[in-house]
Amino acid sequence: GDRTLDYDEIVGIIAERITTSPRYRQVIRHVPGRIAAPVWVDDLYLQPDPQTGAIRVQTTLRSAARSSRRLHLHLSVAGAAGGETLDALTLERDVPAGDSTLAAELRLGAPRLWDLNDPYLYRVTVRATVADSAFCDERSSRCGFRTFRFDQGYFRLNGKRLWLRS
């Protein structure tokens, strides 16, 4: 009867047939395709707090494997335009098949506030590497630190009154 193959079995069968069969050694034409990681970063939600300098990171991980996989997760934050890493965190987690959520926090000592005259952004990157394999996936997103309030009849950006024109 029909048998469902695990992700690793499929990759192993393809690799074995290419290396052992004389028929597969000659490439006749290029077939576009991509072997995707069995676990990947599906979504990234960032919540910066200008009071504490913390960036709460919520990551959705999706696994196509039939069983739990060990992941090395590396989270980092740097200026969005580039530059040195300002904070980083490395975690190891067992990720079950299907979707799972990871919550973590990165910290900046004194974050630069986003302002109309200085719209400074940070880039947070999450890299997930499947343990004992070369498969990895990475996702980045930008965020800025700012407060925006309506207080005493006025809009305030980072505590300063914001003048609006009509």
Side-chain angles (χ1 to χ4, degrees), residues 6-8 10-11 32-166:
D6 189 7
Y7 180 86
D8 292 330
I10 293 170
V11 172
R34 179 179 154 227
I35 295 178
V39 180
W40 63 94
V41 180
D42 191 51
D43 191 28
L44 185 59
Y45 176 71
L46 308 174
Q47 197 173 13
D49 183 348
Q51 303 299 319
T52 64
I55 302 173
R56 285 184 285 286
V57 180
Q58 186 172 324
T59 305
T60 302
L61 301 166
R62 183 163 288 176
S63 175
R66 283 194 288 167
S67 59
S68 179
R69 287 302 186 88
R70 187 81 174 159
L71 284 187
H72 301 287
L73 296 151
H74 183 75
L75 295 84
S76 62
V77 60
E84 68 180 56
T85 299
L86 303 170
D87 191 25
L89 177 65
T90 301
L91 305 168
E92 287 196 27
R93 294 283 190 273
D94 288 321
V95 177
D99 291 353
S100 58
T101 303
L102 168 80
E105 188 173 278
L106 296 167
R107 287 199 171 271
L108 300 176
R112 189 166 156 186
L113 296 179
W114 183 96
D115 191 88
L116 292 174
N117 297 320
D118 182 24
Y120 192 82
L121 294 175
Y122 292 91
R123 177 174 303 281
V124 174
T125 302
V126 175
R127 181 182 194 97
T129 305
V130 178
D132 301 325
S133 82
F135 289 113
C136 69
D137 189 47
E138 183 177 286
R139 183 169 288 237
S140 293
S141 189
R142 295 177 301 172
C143 67
F145 287 87
R146 56 118 180 103
T147 61
F148 187 73
R149 293 185 177 14
F150 188 76
D151 186 31
Q152 299 176 6
Y154 301 104
F155 289 105
R156 296 188 184 275
L157 178 63
N158 300 326
K160 297 176 187 172
R161 185 175 171 184
L162 187 63
W163 297 90
L164 301 176
R165 293 183 230 171
S166 59

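Both backbone and side-chain heavy atoms feed into the values below; hydrogens, waters and symmetry mates do not.
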Any side-chain heavy atom of [X] within less than 4.5 Å of one from [Y]?
X      : Y      : value
Asn158 : Pro50  : no
Trp114 : Leu157 : yes
Val57  : Leu44  : yes
Leu73  : Thr59  : no
Leu102 : Leu91  : yes

Original post:
Is Asp87 reaching over with its side chain to a backbone N or O of Leu108, donor-acceptor style, under 3.5 angstrom?
Top reply: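 Pair absent, no side-chain N/O of Asp87 close to backbone of Leu108.
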Original post:
Any donor and acceptor pair, going by atom type alone, linking the side chain of Asp42 with main-chain N or O of Leu61 inside 3.5 Å?
Top reply: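 Judged by distance alone, no pair lies under 3.5 Å.
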Where [X] and [Y] come nearest, the two heavy atoms and their spacing:
X      : Y      : result
Val41  : Ala128 : CG2-CB, 3.9 Å
Ala97  : Ala65  : CB-O, 3.0 Å
Ala78  : Glu84  : CB-O, 3.5 Å
Gly159 : Thr147 : N-OG1, 3.8 Å
Arg127 : Cys136 : NH2-SG, 3.2 Å
Pro48  : Gly144 : CG-O, 3.2 Å

Distance (rounded to the nearest 0.5 Å) between [X] [atom1] and [Y] [atom2]:
X      : Y      : atom1 : atom2 : result
Ile55  : Leu89  : CD1   : CG    : 12.0 Å
Asp132 : His72  : CG    : NE2   : 6.5 Å
Leu46  : Ser141 : CG    : OG    : 4.5 Å
Glu138 : Thr129 : CD    : OG1   : 9.0 Å
Asp115 : Lys160 : CG    : NZ    : 6.0 Å
Arg69  : Asp94  : CZ    : CG    : 11.0 Å

Please determine whether the number of non-hydrogen atoms from other residues, nucleotides or ligands lying under 6.0 Å from atom [atom1] of [X] exceeds 12.
X      : atom1 : answer
Arg146 : CZ    : no
Arg70  : CZ    : yes
Arg142 : CZ    : no

Subject >> Partner set under ring pair (Phe, Tyr, Trp, His ring centres under 6.0 Å) for Phe155, not counting sequence neighbours >> reply: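 With neighbours one apart ignored, the set is Phe148, Phe150.
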Original post:
Residues two or more places apart in sequence or in another chain: which of them pass ring pair (Phe, Tyr, Trp, His ring centres under 6.0 Å) with Tyr122?
Top reply: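 Residues passing ring pair (Phe, Tyr, Trp, His ring centres under 6.0 Å) with Tyr122: Tyr120, Phe145.
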Subject >> Candidate pair Thr85 and Val77, rule side chain to side chain contact (heavy atoms under 4.5 Å, CB included), full reasoning >> reply: CA-CA 6 Å; Thr85 299; Val77 60; 5.9 Å; no
**OP:** Answer yes or no on whether Arg161 is positioned over the face of Trp163, meaning its NZ or CZ is under 6.0 Å from the six-membered ring centre and within 45° of the axis.
**Re:**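 Here Arg161 passes the 6.0 Å and 45° test against Trp163.
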**OP:** Kindly state each residue pair satisfying side chain to side chain donor-acceptor pair (under 3.5 Å) with at least one member in residues 98-113, sequence neighbours excluded.
**Re:**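 Non-adjacent pairs meeting side chain to side chain donor-acceptor pair (under 3.5 Å): Arg62-Asp99, Glu105-Arg107, Arg112-Asp118.
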